[in-house]
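One structure is given here, and the rest of the page talks about it.
Start at 1 and go down the list; that is how both ligands and their atoms are numbered. Note that the structure is predicted; figures quoted are calculated from it, not measured.
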Amino acid sequence: MVAENYRMVDKKVQEACARAGRDRNEVTLIAVSKTKPVAMIQEAMAAGANVFGENKVQELCDKYELLPKDLHWHLIGHLQRNKVKYIIGKVDLIHSVDSLRLAEEISKEAVKKETEENILIEVNVAEEESKFGVSVADTEELVRQIAVLPGIHIQGLMTIAPYVENPEQNRPVFRALKKLAVDIKMKNIDNVHMDVLSMGMTGDYEVAVEEGATMVRVGTGIFGERDYSI
Ligand SMILES: *Cc1c(COP(=O)(O)O)cnc(C)c1O
């Protein structure tokens, strides 16, 4: 089931790329495996998945230990500063940096471990009260502050779009994130890349790809509904 779902989502990413005149290689499909067992991750691996997204540090570390070391792990959920030390060196990319204090902690730990960490700035494009992320208006300032820190590299932007019935409703959100990335890229800030756009989840990833996503984060569409009661 999981392998079949993964192939289906992959195909839809491919089709969205074709509609937008984009190369399939521009888009990374992140299989969001939070709350799901290692056995299901292995099923996805059998279908070709090798990039997995988790939103909890402990769960990511547990799975990291149990699975082959050639997989790629992304931390996509809110990150507390006191947990940063556990993931530096394990994750390829932290999608959810939205404050200077968090970035400083990542920088400090990366320097201590003599490594470099790639991050995205999480932008609350839709300005939803309940969401983490910096506002569009404050993003460039935060990027400039983080850019000068050692051991940390901004690769682009991430957003969590609102929950909507019709994915078309999120098209303006994705467009706004893309525009923000283009605007910041034009400033040519040292140590800042704006090539990664992490946007689109199960309900709207095809629209996100059409609007320029380079990473889509798909959980339910691959692994099925999550059960938080267990
Ligand atoms: C859970 C989660 C996803 C995946 O959501 P689905 O709707 O199940 O695809 C994507 N991004 C983030 C940040 C998440 O926490």
Side-chain angles (χ1 to χ4, degrees), residues 1-13 16 27-37 40-41 43-44 47 49-63 72-80 83-84 87 91-99 102 106 118-134 155-171 173-174 177 196-230:
M1 197 56 183
V2 169
E4 215 170 281
N5 290 345
Y6 182 84
R7 286 192 200 99
M8 179 62 76
V9 171
D10 189 69
K11 183 160 169 276
K12 286 185 174 163
V13 168
V27 184
T28 301
L29 171 54
I30 301 171
V32 177
S33 48
K34 64 190 188 196
T35 81
K36 299 298 183 182
M40 279 182 142
I41 294 178
E43 285 180 55
N50 68 348
V51 187
F52 293 91
E54 290 283 339
N55 69 339
K56 292 218 164 68
V57 167
Q58 181 69 54
E59 189 175 343
L60 190 153
C61 292
D62 290 347
K63 289 172 176 170
H72 300 279
W73 294 95
H74 290 201
L75 198 279
I76 60 173
H78 181 63
L79 176 58
Q80 288 170 313
K83 303 250 172 85
V84 166
I87 58 161
V91 298
D92 285 15
L93 187 63
I94 300 171
H95 290 231
S96 46
V97 176
D98 63 356
S99 74
L102 175 58
I106 293 167
N118 292 312
I119 66 155
L120 304 178
I121 304 297
E122 179 173 352
V123 186
N124 186 358
V125 176
E127 310 254 316
E128 286 184 288
E129 288 276 348
S130 59
K131 296 258 165 78
F132 293 105
V134 66
Q155 300 296 348
L157 306 177
M158 175 271 219
T159 197
I160 302 176
Y163 179 79
V164 290
E165 288 294 328
N166 178 355
E168 284 298 328
Q169 289 172 263
N170 278 336
R171 195 178 288 277
V173 172
F174 300 141
L177 192 73
V196 176
L197 277 185
S198 169
M199 57 187 194
M201 304 173 26
T202 294
D204 54 20
Y205 67 91
E206 292 167 84
V207 173
V209 168
E210 288 169 11
E211 294 302 329
T214 70
M215 290 183 182
V216 292
R217 311 177 306 265
V218 179
T220 311
I222 294 170
F223 297 103
E225 296 287 340
R226 286 177 292 274
D227 183 354
Y228 288 102
S229 67
I230 47 171

task: Supply the atom-to-atom distance Leu75 CG to Lys83 NZ, rounded to the nearest 0.5 angstrom.
output: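 These two atoms lie 10.0 Å from each other.
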- prompt: To the nearest 0.5 Å, how far apart are CG in Leu120 and CD in Glu122?
  reply: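 Leu120 CG to Glu122 CD: 9.5 Å, rounded to 0.5 Å.
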message: Taking Ser198's backbone N and O only, do any of them form a donor-acceptor pair with Arg217's side chain (distance below 3.5 Å, no angle check)?
response: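 Present.
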query: Are any side-chain N or O atoms of Thr159 and backbone N or O atoms of Met199, one a donor and one an acceptor, separated by less than 3.5 Å?
result: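 Side chain of Thr159 to backbone of Met199: no pair is present.
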- request: Answer yes or no: are there more than 12 heavy-atom neighbours, outside Glu165 itself, under 6.0 Å from its atom CD?
  value: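 Atom CD in Glu165 is not crowded, with 12 or fewer foreign heavy atoms closer than 6.0 Å.
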N or O contacts of ligand 1 with protein under 3.5 Å, please list pair by pair.
{"unit_1": "ligand 1", "atom_1": "8 (O)", "unit_2": "Thr220", "atom_2": "N", "d": "2.8"}
{"unit_1": "ligand 1", "atom_1": "8 (O)", "unit_2": "Thr220", "atom_2": "OG1", "d": "2.5"}
{"unit_1": "ligand 1", "atom_1": "8 (O)", "unit_2": "Arg226", "atom_2": "NH1", "d": "2.8"}
{"unit_1": "ligand 1", "atom_1": "8 (O)", "unit_2": "Arg226", "atom_2": "NH2", "d": "3.0"}
{"unit_1": "ligand 1", "atom_1": "9 (O)", "unit_2": "Thr202", "atom_2": "N", "d": "3.0"}
{"unit_1": "ligand 1", "atom_1": "9 (O)", "unit_2": "Thr202", "atom_2": "OG1", "d": "2.4"}
{"unit_1": "ligand 1", "atom_1": "9 (O)", "unit_2": "Gly219", "atom_2": "N", "d": "2.8"}
{"unit_1": "ligand 1", "atom_1": "11 (N)", "unit_2": "Arg217", "atom_2": "NE", "d": "2.8"}
{"unit_1": "ligand 1", "atom_1": "15 (O)", "unit_2": "Lys34", "atom_2": "NZ", "d": "2.6"}

message: Taking side-chain hydrogen bond (donor to acceptor under 3.5 Å, both in side chains) as the definition, give me every residue that meets it alongside Glu128, ordered by chain and number, with sequence neighbours left out.
response: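 By the side-chain hydrogen bond (donor to acceptor under 3.5 Å, both in side chains) rule, Glu128 matches Lys131.
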